[in-house]
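Have a look at the structure below, then the notes.
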Amino acid sequence: QVTELVLDNCRSSNGEIEGLNDSFKELQFLSMANVELTSLAKLPTLSKLRKLELSDNVISGGLEVLAERCPNLTYLNLSGNKIKDLGTVEALQNLKNLKSLDLFNCEITNLEDYRDSIFELLQQITYLDGFDQEDNEAPDSEDDDD
């Protein structure tokens, strides 16, 4: 029955968080910031998950598992990871409900035309790094109404 789970600063072993498995059917919010996660290969299927917080890990690819296992994500934070090219992010095209993506402090942000390229690649997203295409800041509300 757990809907929110925060595992920040836990240590993952082999890209896996011990105890995190398919039994968390109702999970809507999962935070695994700074857990030394290198891959999402061991991520369980969390079909109700809407917000996934993965900042400050060492993820460099393999994002296609997200569309398979967390198809309803609306918010994804990958800040401070090892993501450096558009090909890696392309895997997020299959997350049809994704509205907000954070890539702060990833190497990819140094690419020329980074923002335009991401908005072009991921046409479903409204916010990148907290701002929309017109540089309007994302509202701070937790409501799903907007």
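The analysis underlying the following values was restricted to heavy atoms, covering all of them including side chains, and did not include hydrogens, waters or symmetry mates.
Side-chain atoms of Leu37 and Val58, non-hydrogen and from C-beta on, never get closer than 4.5 Å to each other. Contact of the Thr74 side chain with the Leu98 side chain is not registered, since no non-hydrogen atoms from C-beta on lie closer than 4.5 Å. Counting heavy atoms from C-beta on, the side chains of Leu43 and Met32 come closer than 4.5 Å.
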Could you walk me through whether Tyr114 and Leu128 satisfy the side chain to side chain contact (heavy atoms under 4.5 Å, CB included) test, starting with their C-alpha distance in whole Å, then the side-chain angles of each, then the deciding distance to 0.1 Å, before giving a yes or no? CA-CA 10 Å; Tyr114 152 71; Leu128 175 61; 3.5 Å; yes
Kindly indicate, with the supporting measurements, whether the criterion side chain to side chain contact (heavy atoms under 4.5 Å, CB included) is fulfilled by Thr88 and Ile108. CA-CA 10 Å; Thr88 305; Ile108 192 171; over 6 Å; no
Tyr75/Asn97 under side chain to side chain donor-acceptor pair (under 3.5 Å): CA gap, chis, key distance, verdict: CA-CA 9 Å; Tyr75 171 87; Asn97 300 311; over 6 Å; no
Check against side chain to side chain contact (heavy atoms under 4.5 Å, CB included), Leu52 and Leu66: CA-CA 10 Å; Leu52 182 57; Leu66 289 173; 3.5 Å; yes
Verdict with supporting geometry, Leu7 and Leu30, side chain to side chain contact (heavy atoms under 4.5 Å, CB included): CA-CA 8 Å; Leu7 300 169; Leu30 174 60; 4.2 Å; yes
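In this structure, Pro71 and Ser47 approach most closely via the heavy-atom pair CD-CA, 4.1 Å. When all heavy atoms are compared, the tightest approach of Asp132 to Phe119 is C-CZ, 3.8 Å. Taking all atoms of both residues into account, the shortest heavy-atom contact from Phe131 to Asp135 is CD2-O, 3.4 Å. Of all heavy-atom pairs between Cys106 and Gly80, the closest is SG-N, 3.8 Å.
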Name the atoms and distances for all side-chain donor-acceptor pairs under 3.5 Å in residues 120-127, with sequence neighbours left out.
| residue | atom | partner | partner atom | Å |
| --- | --- | --- | --- | --- |
| Gln123 | NE2 | Glu120 | O | 3.2 |
| Gln124 | NE2 | Leu92 | O | 3.0 |
| Gln124 | NE2 | Leu95 | O | 2.8 |

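Put simply, the side chain of Thr109 never gets that close to the backbone of Asn105: no donor and acceptor are under 3.5 Å apart. No donor-acceptor pair closer than 3.5 Å links the side chain of Ser55 to the backbone N or O of Ala33. In terms of modelled atom types and a separation under 3.5 Å, the side chain of Asn57 and the main chain of Leu54 share a donor-acceptor contact.
Two different hydrophobic clusters hold Phe104 and Ile59 under the rule that ILVMFWY side chains link at heavy-atom gaps under 4.5 Å.
Rounding to the nearest 0.5 Å places CZ of Arg50 at 13.0 Å from CG of Leu27. The line from CG of Leu73 to CG of Leu46 is 9.0 Å long, rounded to the nearest 0.5 Å.
Every pair tested for salt bridge (charged side-chain N to carboxylate O under 4.0 Å, His left out) that includes a residue from residues 80-106 fails, sequence neighbours excluded, so the list is empty. Counting only residues at least two apart or on different chains, no salt bridge (charged side-chain N to carboxylate O under 4.0 Å, His left out) pair has a member in residues 58-69. Applying the side-chain hydrogen bond (donor to acceptor under 3.5 Å, both in side chains) definition to pairs two or more places apart or across chains, those involving residues 23-38 are Asp8-Ser31, Asn9-Asn34, Arg11-Glu36, Asn21-Ser23, Glu26-Lys48.
Applying the side chain to side chain donor-acceptor pair (under 3.5 Å) rule to Ser79 yields the partners Asn77; only residues at least two apart in sequence or on another chain are considered.
Val6 forms part of a hydrophobic cluster together with Phe29, judged by ILVMFWY side-chain heavy-atom separations under 4.5 Å.
Residue Leu63 is tested with Leu40, Asn81, Leu76, Asn94 for a side chain to side chain contact (heavy atoms under 4.5 Å, CB included); the sole match is Leu40.
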